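These notes concern the structure reproduced below.
Computed from heavy atoms alone, side chains included, the values below leave out hydrogens, waters and symmetry copies. Predicted, not measured: the structure shown is a model, and the values here were computed from it.
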Amino acid sequence: MLDLRLIRQDSELIREMLRKRGEEAPLDELLELDNQRRKLISEVEQLKAKRNAVSDQVAQMKRNKQDASALIEEMKVVSQTIKDYDEQLRVIDEQLLDRQLRIPNIPHESVHVGTSADDNKEIRRWGEPRQFGHDPLPHWELGVNLDILDFDRAAKVTGARFYFLKGLGASLERALINFMLDVHTSEHGYQEVFPPFIVNKHSATGTGQLPKFGEDMFKLENLDYYLIPTAEVPVTNLYRDEILDGDRLPLYHVAYSACFRSEAGAYGRDTRGVIRVHQFNKVELVKFVMPETSYDELDKLVANAETILQKLGLPYRVTQMCTADLGFTAAKKLDLEVWMPSYGQYVEISSCSNFEAFQARRANIRFRREPGAKPEYVHTLNGSGVAIGRCLAAVIENYQQSDGSIEIPEVLRPYMRGLDKIS
RNA sequence: GGAAGGGUGCUUGAGAGGCCGAAAAGGACCGCCUGCUAAGCGGUUGAGGGUGAUUACAGCCCUCCGAGGGUUCAAAUCCCUCCCCUUCCGCCA
């Protein structure tokens with residue numbers, strides 16, 4: 001959510017920034033509602049001031065055993081008017097908030113203008129894609145051959161875009177989760193949290209999934225509860241409606257969670273393997289920081305995610321999203337893309353964003369620089385550190401051997417009883 | 001799922017239609033005092049919004065006692081609905 005004050009003061013600037021992302025936001029409508037709202041407020045508040053003053057008079061007269069019935073009669077009318085105005089105000093507030101919640105974040109000045117994902121920029125690469133002495137197989141063939149992945153039975157048990165991991169495949173998944181959590185907690189200073197995988201609509205609104213993107217989530221029947229699409233939602237909402245002490249910032253959390261996505265509109269894309277599924281695991285990094293530090297914090301966050309891929313020896317590149325590919329909530333976003341032999345290209349495995357105060361304003365997360373200071377909105381950031389399912393696929397494909405077995409990356413071996421391969 | 005009791009400021013906790021943004025205590029902060037610390041004394045200590053002012057201080061006003069409705073001239077206080085917490089029972093990992 002953007003600062004209404006800023007929109008009021010400099011609507012042209014906001015309009016221009018939104019245009020860069022390819023959005024036409026209904027700012028005129030918003031400003032008109034804002035105007036109406038303020039006009040109504042000053043009218044109704046005058047009446048309320050009067051009501052309060054007269055109520056005091058009535059109280060005093062009653063104490064003095066005087067007759068206050070004339071005043072009471074007069075106030076009946078005033079009270080009814082207040083009620084009517086309050087109702088009008090409630091409707092306007094609701095409309096205004098709804099409009100505000102549907103306007104995306106504005107890009108940071110360092111974000112280049114583009115019209116689609118094709119305009120995203122590669123920033124750097126790490127590692128060299130391996131030259132195979134054989135035709136590399138995709139993970140869905142390797143995994144099925146080794147009987148560590150089972151898509152057919154998952155389709156029976158649930159449906160399309162689900163899979164079972166079995167035996168050492170399940171171990172490998174678990175090893176990746178533990179490895180990443182350990183690195184981020186012991187080397188990068190993140191505090192681990194284990195969040196609920198179901199959130200209410202306030203939380204989903206706070207991080208920006210609602211009201212516009214409800215279709216992307218699984219909703220529980222007859223409840224205002226949603227399966228989380230990412231741990232970002234519960235972890236960012238940890239401090240919703242709170243004022244944090246400034247000396248607690250920056251606050252770093254790392255969370256493992258399952259993620260659930262309806263993938264509405266993704267029919268026909270990435271239909272094979274574990275790349276695009278309805279349920280996957282992810283280790284997520286979330287930060288709450290002071291505004292002036294948030295872009296440094298973003299760089300550090302990206303570096304923390306890169307460390308994981310480096311330790312796993314997986315080639316990757318870092319790309320910066322252009323204005324058109326920021327998503328709804330981000331002011332700046334960098335992706336990590338891992339080399340996926342079956343695709344013959346780099347595939348997104350982490351997405352790191354600075355939301356600035358966009359989420360903090362929605363979720364009302366503030367801090368005080370020092371005791372007694374005015375509360376200010378924090379800046380929130382998050383990034384995958386990294387997506388487990390895609391990482392498992394990348395390990396399987398990049399570490400495959402000509403005999404169809406898979407070498408286990410060295411850093412994972414302590415997590416897999418010292419085994420060095422899956423065969 | 002059944003029964004009972006609760007949700008008040010940073011915390012504990014009083015208030016049971018008008019004098020209550022809210023007693024009291026604790027905490028924190030600022031003074032004074034004091035070799036230092038502690039104690040003592042005095043003071044300060046919530047958020048949001050409107051207006052003002054024109055970019056940041058004041059003043060004035062409104063709202064907020066879990067959330068939302070209702071009754072009333074007037075609600076923390078009475079009524080209704082919902083949410084959350086605690087305890088007991090049932091069921092269960």
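Salt bridge status for A:Arg90 with A:Glu94: present, with a side-chain N to carboxylate O gap under 4.0 Å. Look at A:Asp296 and A:Lys300 and you find no salt bridge, because none of the NZ, NE, NH1 or NH2 atoms lies under 4.0 Å from a carboxylate O. Salt bridge A:Lys333/A:Asp325: absent, no basic N to carboxylate O contact under 4.0 Å. By the 4.0 Å N-to-carboxylate-O rule, A:Glu43 lies too far from A:Arg38 to be salt-bridged with it. Remark: A:Asp152 does not engage A:Lys156 in a salt bridge, criterion side-chain N to carboxylate O under 4.0 Å. Between A:Lys287 and A:Glu297, at least one side-chain N (NZ, or NE/NH1/NH2) sits under 4.0 Å from a carboxylate O, which counts as a salt bridge.
Taking the six-membered ring for Trp and thresholds of 30 and 60 degrees, A:Tyr163 and A:Phe151 have ring planes inclined between 30 and 60 degrees apart. Ring geometry for A:Phe194 against A:Tyr256 counts as tilted: the plane angle lies between 30° and 60°, on a 0 to 90° scale.
Across all strands shown, B:C19 forms no Watson-Crick or G-U wobble pair with both distances under 3.5 Å. In this entry B:G5 has B:C85 as its Watson-Crick or G-U wobble partner, both defining distances falling under 3.5 Å. Within the shown strands, nothing qualifies as a pairing partner of B:A76 under the Watson-Crick or G-U definition with both distances less than 3.5 Å. Searching all strands for a Watson-Crick or G-U wobble partner of B:U55 with both distances below 3.5 Å returns nothing. Taking a pair to require two hydrogen-bonding distances under 3.5 Å in either a Watson-Crick or a G-U wobble arrangement, B:U12 pairs with B:A24. Across all strands shown, B:C91 has no partner, as no Watson-Crick or G-U wobble contact with both distances under 3.5 Å is found. The partner of B:C32, taking Watson-Crick or G-U wobble pairs whose two distances both stay under 3.5 Å, is B:G40. With a 3.5 Å ceiling on both atom-pair distances, the Watson-Crick or G-U wobble partner of B:A47 is B:U63.
No engagement by A:Arg361 is indicated, since no non-hydrogen atom pair under 4.0 Å with the nucleic acid exists. Across all strands shown, A:Lys39 has no heavy atoms under 4.0 Å from either base or sugar-phosphate atoms. Contact annotation for A:Ile41: backbone-only contact, meaning every heavy-atom pair under 4.0 Å involves sugar-phosphate atoms and none involves a base.
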- ring pair (Phe, Tyr, Trp, His ring centres under 6.0 Å) between A:Tyr226 and A:Phe218: does it pass, once the steps are laid out? CA-CA 6 Å; A:Tyr226 299 83; A:Phe218 287 110; over 10 Å; no
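Ring centers of A:Tyr252 and A:His188: at least 6.0 Å apart, outside the cut-off.
Going from the P atom of B:A14 to that of B:C78 covers 15 Å, rounded to whole Å. B:G26 and B:G42 are spaced 12 Å apart, taking the P atom of each and rounding to whole Å. Rounded to whole Å, the C1' atom of B:C89 lies 24 Å from the corresponding atom of B:C82. The gap from the P atom of B:G21 to that of B:U77 amounts to 13 Å, rounded to the nearest Å. Comparing the same atom, P, in B:A56 and in B:C61 gives a spacing of 26 Å after rounding to whole Å. Rounded to whole Å, the separation between the P atoms of B:A22 and B:G35 comes to 39 Å. Annotation: B:G48 and B:G43 have their C1' atoms spaced 27 Å apart (nearest Å). Atom P of B:G46 sits at a distance of 23 Å from the matching atom of B:A39, rounded to the whole Å.
As a whole-Å value, the separation of A:Phe367 CZ from B:A47 P is 14 Å. The CG-P distance, from A:Asp93 to B:C64, rounds to 14 Å in whole Å. A straight line from CZ of A:Arg37 to C1' of B:G48 spans 10 Å, rounded to a whole angstrom. Summarising the geometry, the separation between CG on A:Asp56 and P on B:C20 is reported as 10 Å, rounded to the nearest angstrom. In this structure, CD1 of A:Ile243 is placed 20 Å from P of B:A28, rounded to the nearest angstrom. Residue A:Asp224 contributes atom CG, which lies 12 Å from atom C1' of B:C82 at whole-angstrom precision. When rounded to the nearest whole Å, the span between CD of A:Glu74 and C1' of B:U72 equals 17 Å. To the nearest angstrom, P of B:G49 lies 18 Å from CG of A:Leu40.
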- Query: In the 5'-to-3' direction, what one-character label does each nucleotide of nucleotides 56-63 of chain B receive under the scheme B = base within less than 4.0 Å of a protein heavy atom, S = sugar-phosphate only, - = no such atom?
  - Reply: -----BBS
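Nearest nucleotide to the A:Arg8 side chain, out of B:G48, B:G50, B:C73: B:G50.
Ranked by how close their nearest RNA chain B nucleotide is to the 5' end, A:Arg63 and A:Ala373 are led by A:Arg63.
Within the structure, every side-chain polar atom (N or O) of A:Lys62 is placed at least 4.0 Å from both OP1 and OP2 of B:G18. When the side-chain nitrogen and oxygen atoms of A:Arg38 are compared with OP1 and OP2 of B:G49, none of them lie within a distance under 4.0 Å. Listed pair A:Arg368 / B:A47 meets the phosphate criterion, a side-chain N or O lying under 4.0 Å from OP1 or OP2.
Geometrically, A:Arg153 does not engage A:Phe164 in a cation-pi contact, judged by NZ or CZ lying under 6.0 Å from the ring centre and within 45° of the ring axis.
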Atom pairs, N/O to N/O, protein against nucleotides 65-70 of chain B, distance under 3.5 Å?
none

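The side chain to side chain contact (heavy atoms under 4.5 Å, CB included) test with A:Lys311 is passed by exactly one of A:Leu309, A:Ile308, A:Leu314, A:Thr307: A:Thr307.
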